[in-house]
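Notes to accompany the following structure.
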Amino acid sequence: MGDKNNVARDCFDQLLTHLQRFIAIDRDAFEVLVPYLEIRRFEKKQVLVNQGEIDDYLSVVIKGLVRKYVPSPKGQVTLQLATEGHFVQSEISYHNRVPSEVILETLEPTTLASIHYDNMQLVLNTMPGAETLGRAIIMQMFIKKDARYFDQLKVSTRDRFLAYVNNHPHMLQRVPQKIFASYLNIKPETFSRLKHLLLHKK
């Protein structure tokens, strides 16, 4: 039991560090939030939320990698690759309590710090500053989503690939090539060519 408590405490400490990127929250305020949180662990290639299911959790990746995607007639379209410190959820499903249009699946053994929708409502109604934190999180998620959307419109395929790989070099080893290409909205054959050129330069 002691080891499990220590592991959970370490996860919560990491979560606090991640939250402090968005808002000034001290440890005392964070400790009020802790009883409402859950530490959830999943194996590789485990589906967290399927299409048609309601997503009950807002989560932060403590360790591992979660992919958000939608099936399409031409294949799977990857919308998000959430690594350590990133929020992940089926946003519309979670907030509007409707069946999810997206699938959340782990690409690695993954640990999440999560808050259930019902607990989120309790926190928003009882914890001072919770609404401000919630707004800050949602704002950051939408900013990142819009930035990625406009990046795909304005930046060339080559520059988009190089910028992402230079900023996230570890992702080439962590993400299967087909999924990576889908996330960057690059054809698999083009991705292979760009990856070959990059490795050749090194």
Side-chain angles (χ1 to χ4, degrees), residues 4 7-70 77-149 175 183:
K4 287 185 178 181
V7 171
R9 174 45 57 186
D10 182 59
C11 290
F12 289 138
D13 287 344
Q14 292 182 58
L15 175 61
L16 174 59
T17 300
H18 296 319
L19 292 179
Q20 287 172 335
R21 293 183 300 151
F22 300 100
I23 191 171
I25 178 172
D26 60 27
R27 181 165 292 278
D28 289 341
F30 177 73
E31 290 300 330
V32 176
L33 181 62
V34 166
Y36 297 95
L37 304 175
E38 301 175 38
I39 300 300
R40 301 191 297 151
R41 295 177 177 83
F42 302 92
E43 299 300 321
K44 181 179 179 179
K45 292 189 176 180
Q46 188 168 347
V47 173
L48 311 182
V49 179
N50 217 332
Q51 280 189 317
E53 297 177 349
I54 294 178
D55 189 358
D56 287 324
Y57 288 96
L58 168 64
S59 299
V60 175
V61 179
I62 301 299
K63 183 175 177 57
L65 176 58
V66 179
R67 174 194 182 206
K68 179 192 297 182
Y69 71 95
V70 290
V77 179
T78 301
L79 304 175
Q80 182 184 9
L81 295 171
T83 55
E84 291 81 3
H86 288 88
F87 289 89
V88 64
Q89 63 175 166
S90 175
E91 291 96 335
I92 295 174
S93 175
Y94 181 84
H95 293 287
N96 293 344
R97 314 311 295 150
V98 296
S100 177
E101 296 288 345
V102 304
I103 299 170
L104 302 182
E105 180 185 31
T106 61
L107 295 182
E108 298 174 354
T110 297
T111 301
L112 303 177
S114 306
I115 184 166
H116 191 280
Y117 178 84
D118 293 341
N119 281 338
M120 175 68 84
Q121 303 314 303
L122 288 173
V123 168
L124 290 173
N125 290 328
T126 60
M127 181 180 168
E131 191 172 338
T132 301
L133 175 59
R135 282 200 302 267
I137 291 169
I138 291 172
M139 182 178 68
Q140 286 297 321
M141 292 174 72
F142 276 106
I143 288 173
K144 284 190 173 184
K145 187 178 291 186
D146 274 2
R148 180 170 176 265
Y149 174 74
V175 180
Y183 177 67

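- Using modelled atom types, one side-chain atom of E84 and one backbone atom of G64 make a donor-acceptor pair closer than 3.5 Å.
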Side-chain donor-acceptor distances from residues 42-49 under 3.5 Å, at least two apart:
from : atom 1 : to  : atom 2 : distance (Å)
Q46  : OE1    : E43 : N      : 2.9

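- When every heavy atom of S90 is checked against every heavy atom of L104, the shortest pair comes out as N-CD1, 4.0 Å.
- Put simply, OG1 on T17 and CD1 on I62 are 9.0 Å apart, with the number rounded to the nearest 0.5 Å.
- In this structure, CG on L16 lies 12.0 Å from CZ on R21, to the nearest 0.5 angstrom.
- Here the closest heavy-atom approach between residue Y183 and residue Q80 is recorded as CE1-CA, 3.8 Å.
- Between the side chain of T111 and the main chain of R41, no donor-acceptor pair closer than 3.5 Å is present.
- Looking at heavy atoms from C-beta onward, H95 lies out of side-chain contact with M120 at the 4.5 angstrom threshold.
- Using a 4.5 Å heavy-atom cutoff, the side chains of I92 and E101 are not in contact.
- For the pair K63/Q14, no side-chain contact is recorded, criterion being any heavy-atom separation below 4.5 Å from C-beta on.
- Rounding to the nearest 0.5 angstrom, the gap separating the OH atom in Y69 from the CG atom in L79 is 11.0 Å.
- The distance from the OH atom of Y117 to the CG atom of L122 is 11.0 Å, given to the nearest 0.5 Å.
- Here the options are L107, T83, V88, the test is side-chain contact (heavy atoms from CB on, under 4.5 Å), and the partner is V66; only V88 passes.
- Side-chain atoms of N119 come within 3.5 Å of backbone atoms of Y36 as a donor-acceptor pair (strictly under, hydrogens ignored).
- Ion pairing of D56 with R97 is present here, as a side-chain N (NZ or NE/NH1/NH2) and a carboxylate O approach within less than 4.0 Å.
- With rounding to the nearest 0.5 Å, the separation of SG in C11 from CD1 in I39 is 4.5 Å.
- Minimum heavy-atom separation, P99 to I54: N-CG1, 4.0 Å.
- Going from atom CD of E38 over to atom OG of S114 covers 6.5 Å, rounded to the nearest 0.5 Å.
- Side-chain atoms of S93 come within 3.5 Å of backbone N or O of D55 as a donor-acceptor pair.
- Looking at R27 and D13, their side chains come closer than 4.5 Å, going by heavy atoms from C-beta outward.
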